[in-house]
There are 2 protein chains.
Amino acid sequence: MSTTYEYPRPALTVDCVVIGRDESTLKLLLIRRKLDPFKGSWALPGGFVRVGESTDNAAKRELKEEAGLANVFLEQLYTFSSPDRDPREHVVSVAYYALVNLAGRELHASTDAEEAAWFELTKLPKLAFDHKDIVRVARERVRAKVRYEPIGFELLPDKFTLTSMQRLYETVLETPLDKRNFRKKLAEMDFVVATNEIETGVTHRPAQLYRFDEKKYQALQKRGFNFDL
Amino acid sequence: MSTTYEYPRPALTVDCVVIGRDESTLKLLLIRRKLDPFKGSWALPGGFVRVGESTDNAAKRELKEEAGLANVFLEQLYTFSSPDRDPREHVVSVAYYALVNLAGRELHASTDAEEAAWFELTKLPKLAFDHKDIVRVARERVRAKVRYEPIGFELLPDKFTLTSMQRLYETVLETPLDKRNFRKKLAEMDFVVATNEIETGVTHRPAQLYRFDEKKYQALQKRGFNFDL
DNA sequence: ACAAAAGTGTTTTCCATACACCCATGC
DNA sequence: GCATGGGTGTATGGAAAACACTTTTGT
């Protein structure tokens, strides 16, 4: 099987920057390459875009195939197109970033038995291709976006304590936040609602658990409300 | 001449949303298509990405070829990849947006003699492909970005009056602004500097001309300053 | 009783907003 | 002298920031 075109075309791939939160550290999902180029190196999950498939769907498919991940927050990041980013030939890659809550989530065995692992975002190994650049852009994007869109909740479990949320924001923004001011702002956001449950398994006073009410948020959103933290 | 690949590939194009300012209206550069599909329709300037060429360079090349534009602000917008966005086959397009100051700039004849014209952004004709969507995304991007990055200056001449700048912001943001507050903020921005020239050819008191000092801006930028209007 | 984190209000500072009149120029 | 836009300052309100102690629970 092969296909012929009148003019040569760059190859088209997707690459996914999958960011997970575990306790108060952020992690990145990497796949060890089993083929050249960069055989044995760690790389972002991704692969070729098929004809007839949107890049969004290609990214979803690759996440499912390579990491067993589905139904995660996934958004287009940027398209990387330098002709020498792949030593074989000109490969244009549409990069995506995904946010997942790691707590309690097992890293599924990849269907094609590739080796996958989570690395601390601050301690990454050398990466294949220009994946280091892609990760940098993703981190910048998340850092900027977490302040004006409620994407932080994607990294938290359904029910979370306000302190864990604060830790997350401190990690992403790389700055300490004031507890009372942080909670004051959240208290004004009617879509962050207290459940009637409390934290368990801690050796001190257990905290109230909260959840993000997506529907209430959407409703406010339509009335012109803007998330801001 | 033709090229054969083991697997089929989507075609890859770039499309450019070129926004220009003329007086206090925003305009969009469109090209009339002389080939099917959508022969005779208005469409964004753009074309196929060549192997060995980054999409940035492809966008620059198309702007030069189709509209005689060079050295304009150009930034990647988003990648559109729906398999049915082009009726012929699966064509993935990396969209860019450009900002240009129209005053005094002649629309150069396109090298391949295509028909090009500027349309008011608020009165666009029917567009080919999904170009209407691309334009919408570009407008949203510009509207958001103009507030926290100094891209507004790209639409202004080198020397401009504060009133013309205010009109521009009012047009982009689609909201009236207070003259004194607007000027107060600009006065605090040391990179917006008064020249020793004044407006000419007006029938009333001529306004002071200002310019954007890119170098001063870059310097402040590095010291953690953030543009905000 | 003590260790550990949860939870809670007030004061101060600063920035955003609202607002109206005199000035310089061309005709 | 009049029409036209150019240019200027102050007062108010509200949000952001700074800040420390009491409460609850487990051991």
Side-chain angles (χ1 to χ4, degrees), chain A residues 23-25 103 144 146-148 152 156-157 159-190 192-211 220 224-229, chain B residues 23-25 103 144 146-148 152 156-157 159-190 192-211 220 224-229:
Chain A
E23 303 294 326
S24 58
T25 60
V146 80
R147 304 195 51 176
Y148 62 91
L156 291 168
K159 293 169 184 171
F160 53 86
T161 68
L162 297 187
T163 298
S164 67
M165 180 168 171
Q166 185 180 339
R167 296 275 169 277
L168 168 64
Y169 272 75
E170 289 174 331
T171 304
V172 173
L173 299 175
E174 296 176 274
T175 182
L177 297 173
D178 180 88
K179 180 159 65 160
R180 280 175 289 188
N181 293 336
F182 185 82
R183 290 159 105 99
K184 203 186 306 173
K185 273 200 199 163
L186 290 180
E188 287 161 8
M189 298 181 183
D190 297 336
V192 178
V193 295
T195 66
N196 50 17
E197 293 173 58
I198 56 172
E199 204 181 9
T200 56
V202 289
T203 174
H204 55 73
R205 174 176 176 182
Q208 183 71 233
L209 291 174
Y210 289 76
R211 65 184 174 81
L220 281 171
F225 167 85
N226 276 318
F227 186 85
D228 180 34
L229 239 171
Chain B
E23 303 293 325
S24 58
T25 60
V146 80
R147 304 195 51 175
Y148 62 88
L156 291 167
K159 293 170 184 170
F160 53 86
T161 68
L162 297 186
T163 299
S164 67
M165 179 168 173
Q166 184 180 338
R167 295 279 169 272
L168 168 63
Y169 272 75
E170 288 175 330
T171 305
V172 172
L173 299 175
E174 295 176 274
T175 181
L177 298 173
D178 180 89
K179 180 161 66 161
R180 279 174 288 191
N181 293 335
F182 185 80
R183 288 166 177 246
K184 204 187 306 173
K185 273 199 198 162
L186 290 181
E188 287 161 11
M189 298 183 183
D190 297 337
V192 178
V193 295
T195 65
N196 50 16
E197 293 172 59
I198 56 171
E199 203 181 7
T200 57
V202 289
T203 175
H204 53 75
R205 174 176 176 181
Q208 183 69 235
L209 290 174
Y210 288 77
R211 65 185 174 81
L220 281 170
F225 167 85
N226 276 318
F227 185 85
D228 182 32
L229 239 174

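All values below were derived from every heavy atom in this structure, side-chain atoms included, with hydrogens, water molecules and symmetry-related copies excluded. Quick note on labels: first sequence line is chain A, next is B, and so on, each numbered from 1.
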> Quick one: does A/D178 reach the base of D/dA16 with a side-chain donor-acceptor pair under 3.5 Å?
Replying inline: no

>> Tell me the closest heavy-atom pair linking B/T195 and B/Q208, and the distance in Å.
In response: O-OE1, 2.6 Å

>> Show the nearest heavy-atom pair for residues A/G152 and A/L168, with the distance to one decimal.
In response: O-CD2, 3.4 Å

> Which part of the nucleic acid does B/E199 contact within heavy-atom distance under 4.0 Å: base, sugar-phosphate only, or nothing?
Replying inline: nothing

>> What is the separation between atom CZ on A/F182 and atom P on D/dA18, rounded to the nearest whole Å?
In response: 16 Å

>> Rounding to an integer number of Å, can you tell me how far B/N181 CG sits from D/dG7 P?
In response: 16 Å

> What are the two closest heavy atoms between A/V146 and A/F227, and how far apart are they?
Replying inline: O-CE2, 3.6 Å

> When the nearest nucleotide of DNA chain D is assigned to B/T203 and to A/E188 on a heavy-atom basis, which residue is associated with the more 5' position?
Replying inline: B/T203

>> From CZ of B/R183 over to P of D/dG5, roughly how many Å is that when rounded to an integer?
In response: 14 Å

> Residues in side-chain contact (heavy atoms from CB on, under 4.5 Å) with B/L162, at least two apart?
Replying inline: B/R183, B/L186, B/Y210

> Could one point to a donor on the side chain of A/R205 or the base of D/dT23 with an acceptor on the other under 3.5 Å away?
Replying inline: yes

> Which atoms form the tightest heavy-atom contact between A/F160 and A/M165, and what is the distance?
Replying inline: CE1-SD, 3.8 Å

> Which nucleotide span of DNA chain C, 5' end to 3' end, has atoms closer than 4.0 Å to non-hydrogen atoms of chain A?
Replying inline: C/dA4 to C/dT10

> For the pair made of CG in A/L177 and P in D/dA18, what is the distance, rounded to whole Å?
Replying inline: 11 Å

> Taking only residues at least two apart or on different chains, which pairs with a member in residues 168-181 of chain B satisfy side chain to side chain donor-acceptor pair (under 3.5 Å)?
Replying inline: B/R143-B/E174, B/Q166-B/E170, B/R167-B/E170, B/D178-B/N181, B/N181-B/K184

>> Distance check needed: D/dT24 C1' versus A/I198 CD1, whole Å only.
In response: 10 Å

> Of the nucleotides D/dT8, D/dT25, D/dC19, which one has an atom closest to the side chain of A/H204?
Replying inline: D/dT25

> Do any N or O atoms from the side chain of B/E199 and from the backbone of B/P206 form a donor-acceptor pair under 3.5 angstrom?
Replying inline: no

> For the pair made of NZ in B/K184 and P in D/dA11, what is the distance, rounded to whole Å?
Replying inline: 12 Å

> Using a cut-off of 4.0 Å on non-hydrogen atoms, how would the nucleic acid contact of B/T161 be classed: base, sugar-phosphate, or nothing?
Replying inline: nothing

> Once you round it to whole Å, what is the distance between C1' of D/dA17 and CZ of A/R180?
Replying inline: 11 Å

>> Quick check: on DNA chain C, is the nucleotide nearest A/L162 upstream (toward 5') of the one nearest B/K179, or the reverse? Name the residue that is more 5'.
In response: A/L162

>> How many whole angstroms separate atom CZ of A/R147 from atom C1' of D/dA15?
In response: 14 Å

